[in-house]
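When reading the values below, keep in mind they use all heavy atoms of this one structure, side chains included, and skip hydrogens, waters and symmetry mates. Small disclaimer: the values here were computed from a predicted structure and weren't measured. Labels below follow one simple rule: chain letters A, B, ... track the order of the sequence lines, proteins then strands, and each chain is numbered from 1.
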Number of protein chains: 2
Amino acid sequence: MEPDDTLREALRLAVDPPGGVSIEALRELARDDDATAWDVATTAAHLGVNPHTLRYYERIGLVCVPRDGAGHRRYDAAAVRRLLFLVRMRTSGMSISDLRHYVDLVDADRDTVNERMDMLLEHRDTLRSQIAQLQLALAATEYKIATYREGPRP
Amino acid sequence: MEPDDTLREALRLAVDPPGGVSIEALRELARDDDATAWDVATTAAHLGVNPHTLRYYERIGLVCVPRDGAGHRRYDAAAVRRLLFLVRMRTSGMSISDLRHYVDLVDADRDTVNERMDMLLEHRDTLRSQIAQLQLALAATEYKIATYREGPRP
DNA sequence: CTAGAGGTGTGAGCGCACTCGAAGGCAAGC
DNA sequence: GCTTGCCTTCGAGTGCGCTCACACCTCTAG
């Protein structure tokens with residue numbers, strides 16, 4: 001990668017709000033298969049996680065990452081796609097063990113679509129109730145803020 | 001408490017979806033001050049947490065709970081109000097140390113309304129971005145579900 | 001040729017938020 | 001009187017999800 005590109009990327013990463021990091025770049029990479037390949041630092045930066053975390057995910061079998069001649073990780077489109085999914089699910093509260101179960105299903109020989117569907121449906125429900133919970137908390141917080149605003153000495 | 005009431009309450013607790021547990025009962029208790037007082041098990045059940053957790057919260061100074069003659073905890077309206085707030089904030093991701101800071105401000109002699117406001121505003125922002133994140137994850141999950149539905153063998 | 005910035009695998013360490021265990025106190029029912 | 005059961009305190013243990021330290025390796029620039 002050229003120094004200019006590095007600088008530009010660093011700037012963009014600094015500007016992008018955390019969590020919404022570089023979805024576009026990921027889309028791009030994920031689109032044209034096996035054209036690109038990122039090293040662990042780049043991938044971690046794009047996904048907004050610690051490089052250690054990526055190595056950890058690989059260690060526990062969540063993802064399989066090809067190597068270059070020097071034995072360094074080269075994240076291809078497939079790996080990044082899976083990691084993007086993993087990070088999204090983690091961020092939204094799915095546990096590591098559930099994710100292991102899920103990727104075991106994905107990597108299994110037999111047809112596991114139904115089981116995966118069940119997991120996804122369950123997670124969808126979890127997400128919905130989480131969102132409802134948070135909206136309740138948000139309402140409570142906003143109410144408290146409003147009362148503080150109204151009566152400076154409640 | 002009469003056996004009938006206990007049964008009724010157990011039923012209601014069993015029926016109520018977790019998280020939405022007994023908000024009404026809490027409102028009731030919180031309304032008529034110092035009329036009622038719950039023991040640790042009842043309070044924990046109403047708040048949907050482990051009794052150990054309530055003792056832990058007290059130990060680390062998040063809440064102050066009066067005792068009866070036998071030294072047993074009797075949760076009055078003030079304690080329950082605070083715990084309700086604490087549980088809501090914990091559920092929505094505020095850390096224990098932040099909560100300690102907040103209650104320190106509440107319990108301080110000096111006027112700390114501004115600082116508390118700042119914390120609340122920050123938490124509100126956190127909640128909003130959390131909700132946005134979750135909605136993103138939900139959309140991704142629903143998309144995946146939809147693709148599974150369309151092509152049984154993707 | 002050498003320094004330095006990155007990479008590697010692996011075991012161990014950390015912080016958080018509970019959660020439990022042990023030893024004992026009190027009050028009601030048989 | 002004694003069992004039962006819920007309560008008390010306090011220290012210690014647990015599980016999760018990273019996060020780090022270490023010893024070593026590999027490429028690049030000066």
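Dashed line: the shortest gap from a side-chain N or O of A:R73 to OP1 or OP2 of C:dT8 is under 4.0 Å. For A:T53, no side-chain nitrogen or oxygen approaches OP1 or OP2 of D:dG17 to under 4.0 Å.
Of the candidates D:dT19, D:dC7, C:dC18, C:dC18 carries the atom nearest the B:Y57 side chain, counting heavy atoms from C-beta on. In the set C:dA17, C:dT8, D:dG17, D:dG17 carries the atom at the smallest distance from any side-chain atom of A:I96. Considering only side-chain atoms of A:R59, the nucleotide from C:dT10, D:dT8, D:dT26 that sits closest is C:dT10.
The distance between atom OH of A:Y56 and atom C1' of D:dG17, rounded to the nearest whole Å, is 5 Å. If you take CG of A:L86 and C1' of D:dC18, they are 15 Å apart, rounded to a whole angstrom. Atom P of nucleotide D:dG17 and atom CZ of A:R100 are separated by 11 Å, given to the nearest angstrom. For the pair A:H72 NE2 and D:dT26 P, the interatomic distance rounds to 8 Å; values are reported in whole Å. Taking atom CG on A:D39 and atom P on C:dA5, their separation rounds to 16 Å, with Å as the unit. Distance NE2 (B:H101) to C1' (C:dC16): 19 Å, rounded to an integer number of Å. Atom-to-atom, NE2 of B:H52 to P of C:dG21 comes out at 8 Å; the value is rounded to the nearest Å. Across the protein-nucleic acid pair, A:R90 atom CZ and D:dG17 atom P stand 5 Å apart, rounded to whole Å.
Residue-to-nucleotide proximity on DNA chain C shows that, of B:S97 and B:A70, the 5′-proximal contact is made by B:S97. In this structure, B:N50 and A:R67 both approach DNA chain C, and ranking their closest nucleotides by distance from the 5' end singles out A:R67.
A heavy atom lying under 4.0 Å from DNA chain C marks none of the residues of residues 119-130 of chain B.
Note on B:L127 and A:L136: separate hydrophobic clusters, where clusters join Ile, Leu, Val, Met, Phe, Trp and Tyr whose side-chain heavy atoms are under 4.5 Å apart, directly or indirectly. Put simply, A:Y75 and A:Y56 are part of the same group of oily side chains (I, L, V, M, F, W, Y) that touch within less than 4.5 Å, one to the next.
Between A:R116 and B:Y148, the side chains place a donor N or O and an acceptor N or O closer than 3.5 Å (distance only, hydrogens not considered).
Here A:R55 lies in heavy-atom contact (under 4.0 Å) with a base.
A salt bridge between A:R128 and A:E122 is absent, with no side-chain N of the basic residue lying under 4.0 Å from a carboxylate O of the acidic one. The residues B:E115 and B:R110 are annotated as salt-bridged, a charged nitrogen and a carboxylate oxygen being separated by less than 4.0 angstrom.
Using the six-membered ring where Trp is involved, A:W38 and A:H46 have ring planes that are parallel, under 30° apart on the 30 and 60° scheme.
Screening A:T91, A:L138, A:L134, A:I131 for a side-chain contact (heavy atoms from CB on, under 4.5 Å) involving B:Q130 leaves a single residue, A:L134.
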